Every structure is written in C-alpha cells, then in structure tokens.
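What follows is one structure encoded as structure tokens, with my remarks underneath.
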Amino acid sequence: MSTLFGAYDDNLRHLEDLLHVRIRTQGHDLLVEGDPDDTGKVARLVEQIGALLTEGHPLTERDVKDAAQLMATDAAVDLRGHFLRGGQLRQAGRRRIMAKSANQRRYLDAIEQHDIVFGIGPAGTGKTYLAMAQAVNYLLAKKVSRIILARPAVEAGEKLGFLPGDLQEKVNPYLRPLYDALYDMLEVEKAERMLERGVIEVAPLAFMRGRTLNDAFVILDEAQNTTSEQMKMFLTRLGFGSKAVVTGDITQIDLPAGRLSGLVEAMRVVGKVDGVSFIHFDDRDVVRHKLVQAIVKAYEAYGNSNSAPS
C-alpha cells in the first residue's frame, strides 16, 4: 500500500491531477470520484499494479507514477507487458531508462523496427534522451560500431566568430545538451574514452557532408533548425547497418525569417516513404516538472487563439 499510495499519499495526489478525479482513503479502501472513464482508469491501474506487487515484482513509487502516466494516455495499456517485457532499457552504470507514456513506448518500438525515425514534439517529451538510450544500448550490444550525434549550429555565422577558441570549441556550446545526455547514461571515464577513440562522435551537422555512415547509430537533434538542403544531405548519409533518429520541435524554429525548416519539409516529402516512421509527441508526454506540461499547454492554447480567425 505504501508503494501504491506514495510518501504522504503523493502518488494519489499525482493520480488526481493526472486523471481529474478525487481520491479519498478509508483504511485500505480507495474512494474515487469523477468521470466514469477516469475512475475506470484508476481502477485498472490499481488492479494491475496490485497484481504485480502481490506477485513479488519490485516496483518503486517512481514506477507507479510512470504507470499512471501510461494509463492516462492509453487506457488499454498492459502494465505487465510494460514492466516485465521490454518496458525497460538498462544502461551502463545501472541506470534504468523506461518509457513513461504510450507515445514514448511507440517511439522506442519504432526505433527497433525502422532504420529512420522522426520524433517530433515539444520540449521535455524525451525525444533525444530516449534516442540516446537506444543508441547506447545498440553500441554496448555491438549492434553498431559507433554513435554519431549531430546538431545544426544555427548561429554559425558572425555571432559564432566572436566566441574564443578553435572551431570545435566554438561549436561545443551548441552540442552541450548531447554531451549531457551521454554522460547521464555512461560513466564519465568510459564516455571520454569512447569520444577519444571516435567510437562516439559529437559534431555539428555541417561535418556530415560528404560522408557515408555505415554501421552507425546517428542522431540528429534540434532538426527543426536545419535547412532543406541540410536535411536532404543528412538523410542521404545513411549507410548499411545504420539507424538514424531525427528529433525536433516544429514550434521552436530559430531559422531566419523566410527559410523553410528542413524538418517541416521532410514531414511532407518522406512522410509516406516505406521504412521511415514518424512519432508525434504532445504535452501528455512531457516528463519534466509538471509545470513544463502546463506551460506547453498554455503556449499551444495561446498559439491556437492567435491563429483563429477573428
């Protein structure tokens, strides 16, 4: 009961916010008030979590929160299948990465099944982080021989010239989020050795031109800031035995006015190409602080109201 309820009933409060219900406790009983669909989700969640705990499967309070997020987005979710058959990814350093929404699970499955996957959606939905987790898993399992992480350096003109250092030092600030995700999954010393040997490469997108990437797991981050030419160049780099994941948020394009985003164009051009998968995330997939989810919703509502005809 303590795992299900959480410290000071924190999990129950999380359920209330997530499923728009009111929950009270009477001993070991839960009294749930709300829309029948929402109360039904709470019942299914408690039943499935209870069965897993009764059978002796160790679940943490964090697991219960993740299960609630999954149930909120997909009422038919099989939590047993999620927790016991592939819902987890184990990383070096014993860090566990787990899909926290139905879209995240579809994203991980798509990466397994397709050679090119686009993950499109707002900040905090785990697009880059989960792609990095898959890349590290593939590398450690020797399914690929290297990882290549790329980002467009949007301000690669005169502003970049004012930064001190050589070219690599100038572009490193743009690539820092990729390093952060990498160091979160691999021990720093191990990651540094792989970077030194070129097993893991972090580079600006411009460095991809003219290369053919065989036996590699390639991630293009912040793809909304690619030009049409850059996106075509990247997608045609893919070689034998390779996978590519392209992530971006089409609501945060930083290109100069009048320039078409390569990501937006790719959605139209290769959207129906066999072997290419598109996974679209929304505010329900945000896994950062709950305020981030509220902020994403607020901006969406603001954008919709401003674009509506007067």
Side-chain angles (χ1 to χ4, degrees), residues 107 110-111 114-132 134-135 146-161 163 167-182 200-214 216-239 242-273 275-282 285 296 299 303:
Y107 184 52
I111 294 173
H114 298 85
D115 287 338
I116 298 180
V117 176
F118 286 79
I120 301 170
T125 50
K127 306 181 298 295
T128 303
Y129 198 80
L130 290 175
M132 188 76 79
Q134 287 282 53
R146 56 183 172 156
I147 297 173
I148 299 175
L149 313 171
R151 255 191 173 205
V154 176
E155 297 179 336
E158 58 181 5
K159 290 186 181 179
L160 201 61
L163 294 175
L167 180 60
Q168 190 64 45
E169 290 171 326
K170 287 176 186 290
V171 299
N172 270 348
Y174 296 95
L175 305 174
R176 178 47 51 188
L178 295 176
Y179 284 107
D180 290 343
L182 180 63
I200 299 176
E201 179 182 347
V202 184
L205 179 58
F207 286 20
M208 299 295 104
R209 189 172 298 280
R211 302 174 63 181
T212 300
L213 306 174
N214 293 317
F217 197 116
V218 193
I219 299 173
L220 173 58
D221 192 32
E222 295 290 327
Q224 75 275 6
N225 290 327
T226 61
T227 63
S228 300
E229 296 80 9
Q230 287 175 325
M231 180 59 75
K232 180 181 178 182
M233 179 271 291
F234 175 81
L235 293 177
T236 55
R237 298 305 93 198
L238 196 67
S242 291
K243 281 187 177 288
V245 179
V246 180
T247 69
D249 178 2
I250 58 175
T251 69
Q252 296 193 40
I253 297 172
D254 300 317
L255 293 170
R259 295 298 299 271
L260 176 63
S261 165
L263 178 58
V264 172
E265 184 180 65
M267 293 167 64
R268 304 167 186 164
V269 175
V270 301
K272 295 184 179 179
V273 173
V276 177
S277 176
F278 283 79
I279 304 297
H280 293 269
F281 297 90
D282 55 36
D285 302 301
V296 170
Y299 269 98

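Along the sequence shown, residues carry numbers from 1. As the structure is a computational prediction, the values presented were derived from the model and not from experiment.
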**Q.** Residue pair V270, I116: steps toward the side chain to side chain contact (heavy atoms under 4.5 Å, CB included) verdict
**A.** CA-CA 10 Å; V270 301; I116 298 180; over 6 Å; no

Q) Taking it one step at a time, do I250 and M267 satisfy side chain to side chain contact (heavy atoms under 4.5 Å, CB included)? A) CA-CA 10 Å; I250 58 175; M267 293 167 64; 4.2 Å; yes

Q: Decide yes or no on side chain to side chain contact (heavy atoms under 4.5 Å, CB included) for F281 and D249, but give the supporting numbers first.
A: CA-CA 9 Å; F281 297 90; D249 178 2; over 6 Å; no

Q: Start with the C-alpha gap between I253 and N225, add the side-chain angles, then the distance that decides, and say whether side chain to side chain contact (heavy atoms under 4.5 Å, CB included) holds.
A: CA-CA 6 Å; I253 297 172; N225 290 327; 4.2 Å; yes

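Annotation: ring-ring contact (aromatic ring centres under 6.0 Å, His included) contacts of F118 (sequence neighbours excluded): F278. Partners of S242 according to the side-chain contact (heavy atoms from CB on, under 4.5 Å) rule, which considers only residues two or more places apart in sequence or in another chain, are A216, L238. For R211, the side-chain hydrogen bond (donor to acceptor under 3.5 Å, both in side chains) partners at least two apart in sequence or on another chain are E201. Contacts of T212 classified as side-chain hydrogen bond (donor to acceptor under 3.5 Å, both in side chains), with partners at least two apart in sequence or in another chain: none. Partners of T128 according to the side-chain contact (heavy atoms from CB on, under 4.5 Å) rule, which considers only residues two or more places apart in sequence or in another chain, are L178, D221, T247. Remark: A181 engages Y129, M132 in a side-chain contact (heavy atoms from CB on, under 4.5 Å) (not counting sequence neighbours). Remark: D115 pairs with no residue by the side-chain hydrogen bond (donor to acceptor under 3.5 Å, both in side chains) rule, at least two apart or across chains.
Side-chain contact between P122 and T251 is absent, with no heavy-atom pair separated by less than 4.5 Å.
Of the possible donor and acceptor atoms, none in the side chain of S277 sits under 3.5 Å from a partner among the backbone N and O of V117. Side chain of K232 to main chain of T227: no donor-acceptor pair is present (N/O by atom type, distance under 3.5 Å, no hydrogens or angles). E222 places no side-chain N or O within 3.5 Å of a backbone atom of R151 that could act as its donor or acceptor partner.
Rounding to the nearest 0.5 angstrom, the gap separating the CG atom in L149 from the CZ atom in F217 is 9.5 Å. Separating the NZ atom in K243 from the NE2 atom in H114 is a distance of 8.5 Å, to the nearest 0.5 Å. Between the CD atom of Q134 and the CD1 atom of I111 there is a distance of 5.0 Å, given to the nearest 0.5 Å. Atoms CG and OG1, on L213 and T236 in that order, are 10.0 Å from each other to the nearest 0.5 Å. Separating the CD1 atom in I219 from the CD1 atom in I147 is a distance of 7.0 Å, to the nearest 0.5 Å. With rounding to the nearest 0.5 Å, the separation of CG in L263 from CD1 in I120 is 4.5 Å.
Residue pairs that meet the salt bridge (Lys or Arg N to Asp or Glu O under 4.0 Å) test with at least one member in residues 259-270, sequence neighbours left out, are E229-R259.
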